[in-house]
A.B. asks: 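Structure below; questions to follow.
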2 protein chains.
Amino acid sequence: MPKLPYAPSMTRSRKDASLRREEILRATTALIEKEGIQALRISDVAQSLQVSPALVVYHFRTKEELIAEAFTWAAQRDLDRLEKLTAAAPSAVGRLGTALAWYAPTGQAKGWKLWIEGWAAALREPTLRQVGREVDLRWKESLTAVIQDGVGTGEFTCADARGAAWRITAVLDGLAVQALVHQGVQSRERMDEWARQIVGREVGVDPAVLERPAGA
Amino acid sequence: MPKLPYAPSMTRSRKDASLRREEILRATTALIEKEGIQALRISDVAQSLQVSPALVVYHFRTKEELIAEAFTWAAQRDLDRLEKLTAAAPSAVGRLGTALAWYAPTGQAKGWKLWIEGWAAALREPTLRQVGREVDLRWKESLTAVIQDGVGTGEFTCADARGAAWRITAVLDGLAVQALVHQGVQSRERMDEWARQIVGREVGVDPAVLERPAGA
DNA sequence: TCTGTTACTGCATGGTGATTCAGTAAAGTC
DNA sequence: GACTTTACTGAATCACCATGCAGTAACAGA
């Protein structure tokens, strides 16, 4: 990361605080995802938005606060998308398949590096641990709801929806580690297949029916 | 972490380089485990051994190098222990059970925080990624060997030992995240049970027979 | 158009902590 | 016991950034 000196623009731009805050949070998460928390400097965030470092501090009192809010923001974003996605599909099978297609580490969700960073940081920072726990909980609740729903309609067979959701979550986390950290040993297709296999077992359906739906 | 000034001792101690290096690596991994890579300062390592910060740099040219070697050392250590443990048990079932008892995140292995830190760091540092990959590989190979062994003796039923080892590894990683980062939602017993359940399914045995053997 | 508020900037400062270096002491060699 | 090698130290140095501050420009309301 080259550190160019801050270059002022002729005319200052000025934005509504909430817009600016969101911009900054988006930039921050992007940088953490690319370079890691270690390497995150306030001046990098500022530079990527063409503003002064002092502005970042103006909106977020400290760097720590910035990081905490960035994770909170990213979590909210992912969860909202999950809920939108699962709301869309007509059947429980479709909902589960769509969720998997997005959130399996082989899927479109780009956020896994961010979460791996987050895990490590949460080991130390109570604030981040709190955020992590809430996200994790909401995620599992959404998943539990989908499973119970499927059990209700007869699509799934599962004695313990909550436990199943928990186990599925754990498996996805573990797959993320394999996919992103030890990447390269297994093909994406095989990993996908295994994820569906484990999930299929949990809810008592053929893994094939969980293949990514056309519309997702 | 209080930062006391370095206090020289009356008489200098002087050790063989390889001993000193190992001491330093042990101290480094302990500190990373307790406080995280972020917080690791060379002077902390030095202080915990009652030596000068300069000595640490004398043995390891830079902080980065120190960290990389610390992970390598810790990995080696864990793998050696795994191999010793699995060599001891008489049956494949016993070996697998023992390995699980140690390396499930609910077990005696204290290193999981270190590895979570390592995953995040490996996302950026190629050296660490390399180390991680090798450990992961050796771990899976040991596991594969145990499984194949069990298949040979008729203790296990498993069409794809390598795949099973991979999946078991992924599940353990995921459990580690749940246990250490989102800790507290599930009891240790239930997590253990689920781990054995998943492993049991993979190798075709009743989870109960994988319960921690008496001697482990 | 004046006035106040809010978003924003440039610059300075201060703490931190890795790395350097010039030297010192223990151990080994002959 | 002189001489070399190796482990080790204390005291700088040096770069780096987060944060503080004193002011400036945009905008809103009257």
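Proteins come first, then strands; the chains are lettered A, B, ... in the order of their sequence lines, and each starts at number 1. The structure presented is a predicted model; accordingly, all values stated were derived computationally and were not measured.
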A.B. asks: Mind calculating the distance between NZ (B:Lys63) and P (C:dT19) to the nearest angstrom?
C.D. replies: 8 Å
A.B. asks: Does OP1 or OP2 of D:dC17 have a side-chain N or O of A:Arg41 closer than 4.0 Å?
C.D. replies: yes
A.B. asks: Which part of the nucleic acid, if any, lies within reach of A:Leu40 when heavy atoms closer than 4.0 Å are counted: base, sugar-phosphate only, or nothing?
C.D. replies: sugar-phosphate
A.B. asks: Using atom CG of A:Leu66 as one end and atom P of D:dC17 as the other, report the distance to the nearest whole Å.
C.D. replies: 16 Å
A.B. asks: If we ignore angles and hydrogens, is there a donor and acceptor under 3.5 Å between the side chains of A:Glu193 and A:Gln197?
C.D. replies: no
A.B. asks: Assess, by modelled atom type and distance only, whether the side chains of B:Thr169 and B:Trp139 contain a donor and an acceptor separated by less than 3.5 Å.
C.D. replies: yes
A.B. asks: Nearest whole angstrom, please: distance from the P of C:dA18 to the CD1 of B:Ile24.
C.D. replies: 14 Å
A.B. asks: Is it true that A:Arg138 and A:Glu134 make a salt bridge, defined as a side-chain N closer than 4.0 Å to a carboxylate O?
C.D. replies: no
A.B. asks: Measure the distance from NZ on B:Lys15 to C1' on D:dT5 and round it to the nearest whole Å.
C.D. replies: 20 Å
A.B. asks: When the distance from CG of B:Leu55 to P of C:dT24 is rounded to whole Å, what number comes out?
C.D. replies: 18 Å
A.B. asks: How close or far is atom C1' of D:dT9 from atom CD of B:Gln50, stated in whole angstroms?
C.D. replies: 14 Å
A.B. asks: Regarding D:dT24, can its base be found pairing with the side chain of A:Arg12 as donor and acceptor, where the two atoms are less than 3.5 Å apart?
C.D. replies: yes
A.B. asks: Under a 4.0 Å threshold between the charged nitrogen and the carboxylate oxygen, would A:Arg41 count as salt-bridged to A:Glu35?
C.D. replies: no
A.B. asks: Would you kindly say whether A:Arg12 and A:Ser52 are connected by a side-chain donor-acceptor distance under 3.5 Å?
C.D. replies: no
A.B. asks: Does the pair A:Arg95 and A:Ser142 meet the rule for a side-chain hydrogen bond (donor to acceptor under 3.5 Å, both in side chains), with working shown?
C.D. replies: CA-CA 10 Å; A:Arg95 256 166 283 184; A:Ser142 290; over 6 Å; no
A.B. asks: Just to confirm, is there a sub-4.0 Å distance from OP1 or OP2 of C:dC8 to any side-chain nitrogen or oxygen of A:Arg20?
C.D. replies: yes
A.B. asks: Using a cutoff of under 3.5 Å, can you pull out all pairs of nitrogen or oxygen atoms linking the protein to nucleotides 4-6 of chain C, with atom names and distances?
C.D. replies:
{"from": "C:dT6", "atom 1": "O2", "to": "A:Arg14", "atom 2": "NH1", "distance (Å)": "2.5"}
{"from": "C:dT6", "atom 1": "O2", "to": "A:Arg14", "atom 2": "NH2", "distance (Å)": "2.8"}

A.B. asks: What is the distance, rounded to the nearest whole Å, between atom CD of B:Gln47 and atom P of D:dC8?
C.D. replies: 17 Å
A.B. asks: Closer than 4.0 angstrom, basic N to acidic O: yes or no for B:Arg81 and B:Asp78?
C.D. replies: yes
A.B. asks: Within this structure, what is the CD1-to-P distance between A:Ile37 and D:dA18, rounded to whole angstrom?
C.D. replies: 14 Å
A.B. asks: Check the phosphate of C:dC8 against A:His59, side-chain N and O only, distance under 4.0 Å to OP1 or OP2. Yes or no?
C.D. replies: yes
